[in-house]
Chemist: 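Following this message is one structure expressed as structure tokens.
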Number of protein chains: 2
Amino acid sequence: MDKKAKVLEAALKLFVEFGFHNTPTSKIAKEAGISSGTLFYFFPTKDELVVALYLDIKGKLGCEITESISQATSFKEILKKYYTTTLDWAKEHIAEFKFMEQFNSSPYLKKIAEDEIQKYVKPLKELLQNAIDEGVLKNMDLEILFTLISGHTFSINQYLIISEPQESKREQIISETFDLLWQMISKI
Amino acid sequence: MDKKAKVLEAALKLFVEFGFHNTPTSKIAKEAGISSGTLFYFFPTKDELVVALYLDIKGKLGCEITESISQATSFKEILKKYYTTTLDWAKEHIAEFKFMEQFNSSPYLKKIAEDEIQKYVKPLKELLQNAIDEGVLKNMDLEILFTLISGHTFSINQYLIISEPQESKREQIISETFDLLWQMISKI
DNA sequence: CATATAACTGACTAATCAGTCAGCAAAAGT
DNA sequence: ACTTTTGCTGACTGATTAGTCAGTTATATG
């Protein structure tokens with residue numbers, strides 16, 4: 001019934017398959033089972049639809065992570081939760097992840113306000129700063145630390161999506177690569 | 001004089017600024033200072049132009065790395081050369097890197113044959129396998145190892161491009177993050 | 001029940017785009 | 001000197017596209 005959600009769903013599917021270009025609004029409307037006019041009733045321009053889809057997905061992932069982190073106690077546990085939750089979410093939402101990847105490395109990214117982006121990374125950065133101050137992590141530049149963790153997570157995610165290991169193997173890879181990450185950033 | 005090169009140059013500039021879409025062939029031709037017909041004389045379709053640009057850039061980076069690696073002796077030295085050369089090249093060719101990033105996470109990637117991609121990563125993978133066999137690196141899955149190294153390099157590169165540190169600071173970051181990478185993958 | 005507002009339609013359009021083509025200019029070949 | 005090939009032109013076109021709008025249906029409100 002919620003046609004706005006239907007549009008986002010259809011747009012996601014088509015954008016991932018064909019790219020932002022090669023996905024006319026007419027096809028999105030058709031895929032969503034609505035008229036072209038309705039699409040523009042909800043999203044005044046195609047650009048706004050693309051950005052809205054990005055923020056929608058980013059928000060959902062953000063919620064998932066925030067929730068899963070809340071249950072952890074030690075910093076190492078929190079970070080591992082962050083790591084596994086991100087990878088699990090990506091596995092269950094491959095299209096969403098591919099879309100975010102495409103969006104992140106496109107000129108569309110510039111259309112989003114800086115604080116809109118920071119909103120989702122700020123909590124993690126604060127946790128990292130605390131861990132540095134408490135001597136849990138190596139004393140390094142916060143931005144570099146954040147970059148290393150995101151980069152590691154992102155690349156292992158790519159690997160898991162491409163190689164599609166069996167569940168037991170997958171868990172082993174996640175656990176081992178987390179240990180490698182932890183070894184790299186933790187104090188001795 | 002070489003109009004084909006002029007087209008690639010103009011396309012690179014515009015693709016990075018506006019994306020593949022929002023960059024009509026007419027504007028590429030104008031930017032290159034040639035007629036629309038000439039563009040299609042060299043590149044029968046827009047898609048072929050995009051792919052040709054990608055392979056052109058990939059080739060140039062590949063040459064640079066191969067050359068710089070040839071001077072190194074120990075494996076650690078080779079890997080450091082690979083790391084620094086990639087980061088230095090990216091600094092001097094920011095547009096090229098942004099374009100490759102955009103291309104890699106777009107549906108265009110599918111249009112390139114698998115062996116065309118492997119051509120550039122095969123030499124490094126062989127070096128990595130040797131280093132594992134010789135006990136220099138931890139005994140882990142080659143693909144995961146490769147993923148970790150590329151991911152690390154890529155993310156630090158992103159950081160360096162965004163934060164634009166001074167040359168001395170930059171060298172320090174590169175050296176320190178390489179040590180972190182080495183610590184993560186080397187045996188003890 | 002009447003009225004107002006919100007959700008929705010789909011034919012339409014102005015603009016844009018990738019790609020064509022007939023032909024010109026210059027170099028290369030014979 | 002003549003012919004052929006290659007490089008190059010730019011006006012043109014058919015197809016496609018984002019976005020509009022006049023009007024319809026559903027829902028809420030008084």
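When reading the values below, keep in mind they use all heavy atoms of this one structure, side chains included, and skip hydrogens, waters and symmetry mates. Chain letters run A, B, ... following the sequence lines, proteins first, then strands; residues in each count from 1.
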Chemist: Counting only heavy atoms and a strict 4.0 angstrom limit, can you tell me which residues of residues 18-36 of chain B come near DNA chain D?
Modeler: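 Residues of residues 18-36 of chain B under 4.0 Å from DNA chain D: Ile34(B), Ser35(B).
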Chemist: For dT9(C), take OP1 and OP2 only and decide whether either is under 4.0 Å from a side-chain N or O of Lys3(A).
Modeler: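 Answer yes for this pair, as a side-chain N or O of Lys3(A) is under 4.0 Å from OP1 or OP2.
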Chemist: Examine Tyr82(B) together with Phe75(B) and report whether their ring centres are nearer than 6.0 Å.
Modeler: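 Tyr82(B) vs Phe75(B): aromatic centres not under 6.0 Å.
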Chemist: Under a 4.0 Å N-O cut-off, is there an ion pair linking Lys60(A) with Glu96(A)?
Modeler: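 So Lys60(A) does not pair with Glu96(A) through a salt bridge.
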Chemist: Does a side-chain heavy-atom distance below 4.5 Å link Glu64(A) with Thr85(A)?
Modeler: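 Of all side-chain heavy-atom pairs linking Thr85(A) with Glu64(A), at least one is under 4.5 Å.
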Chemist: Less than 4.0 Å between a side-chain N and a carboxylate O, is that true for Glu164(B) and Arg170(B)?
Modeler: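 Result for this pair is no, no salt bridge flagged.
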Chemist: Is Lys91(A) salt-bridged to Glu167(A), cutoff N-O under 4.0 Å?
Modeler: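 Yes.
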Chemist: Output yes when Lys4(B) and Asp56(B) qualify as a salt bridge under the 4.0 Å nitrogen-oxygen rule, no when they do not.
Modeler: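 Looking at Asp56(B) together with Lys4(B), the answer is no, because their closest N to O distance does not fall below 4.0 Å.
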Chemist: For Thr38(A) and dT9(C), is the shortest distance between a side-chain N/O and OP1 or OP2 below 4.0 Å?
Modeler: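 Yes, within the criterion.
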Chemist: I need the residues from residues 39-48 of chain A with at least one non-hydrogen atom less than 4.0 Å from DNA chain D; give them sorted by number, or say none.
Modeler: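 Per residue number, the list reads Phe40(A), Thr45(A), Lys46(A).
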Chemist: Strictly below 4.0 Å: does Lys4(B) bring a side-chain N or O up to OP1 or OP2 of dT6(D)?
Modeler: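 No, no such contact exists.
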Chemist: If the threshold is 4.0 Å, N to carboxylate O, is there a salt bridge linking Lys119(A) and Glu116(A)?
Modeler: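 Looking at Lys119(A) and Glu116(A), the cut-off is met.
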Chemist: Can you tell me which residue among Ile156(B), Asn157(B), Ile149(B) is in a side-chain contact (heavy atoms from CB on, under 4.5 Å) with Thr153(B)?
Modeler: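 Option passing the side-chain contact (heavy atoms from CB on, under 4.5 Å) with Thr153(B): Ile149(B).
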